[in-house]
Amino acid sequence: MTDQLMFETWSELLRAEFPAGAHFGFKPRRRTIIVNWPPLASAEPAFGELHSLAIAFTNLAWKGYRGARAARRA
């Protein structure tokens with residue numbers, strides 16, 4: 001499994017946890033998935049404000065998941 005494929009897999013798994021307009025980005029050197037989404041209309045935050053979250057994987061978790069067989073990853 002490549003880093004890009006792992007990013008796509010985790011993005012799909014996490015997508016249901018975020019609002020529909022969420023954008024997923026990837027920083028492969030840092031093993032980090034970045035999620036940005038606009039605020040909900042009901043929250044009335046300042047104009048142009050974005051919510052952002054960084055999900056970082058340890059080196060061991062990243063390599064262990066990448067090297068695992070499909071059944072174990074599931």
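Everything numeric here is computed off the predicted structure, so don't read it as measured data.
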Hey, does E12 have a side-chain heavy atom less than 4.5 Å from the side chain of E8? no
Please check if atom CZ in R30 has more than 12 non-hydrogen atoms from other residues, nucleotides or ligands closer than 6.0 Å. no
If you count heavy atoms of other groups shown closer than 6.0 angstrom to CG of L60, is the number above 12? no
Taking the side chain as every heavy atom from C-beta outward, state whether F7 and F24 have any pair of such atoms under 4.5 Å apart. yes
Could you tell me whether the side chain of I34 reaches within less than 4.5 Å of the side chain of F26, counting heavy atoms only? no
So W37 and H23, do their side chains get closer than 4.5 Å, heavy atoms only? no
Determine, step by step, whether D3 and R66 satisfy the side chain to side chain contact (heavy atoms under 4.5 Å, CB included) criterion, reporting the C-alpha distance in whole Å, the side-chain angles of both residues, the deciding distance to 0.1 Å, and the verdict. CA-CA 8 Å; D3 285 347; R66 277 186 54 194; 2.9 Å; yes
Closest approach of P38 and G21, non-hydrogen atoms and distance? CD-O, 3.8 Å
Indicate yes or no: at least one non-hydrogen side-chain atom of W10 is less than 4.5 angstrom from one of I55. no
With a 4.5 Å cut-off on side-chain heavy atoms, are T2 and M6 touching? no
Quick one: are F57 and T32 in side-chain contact, heavy atoms under 4.5 Å? no
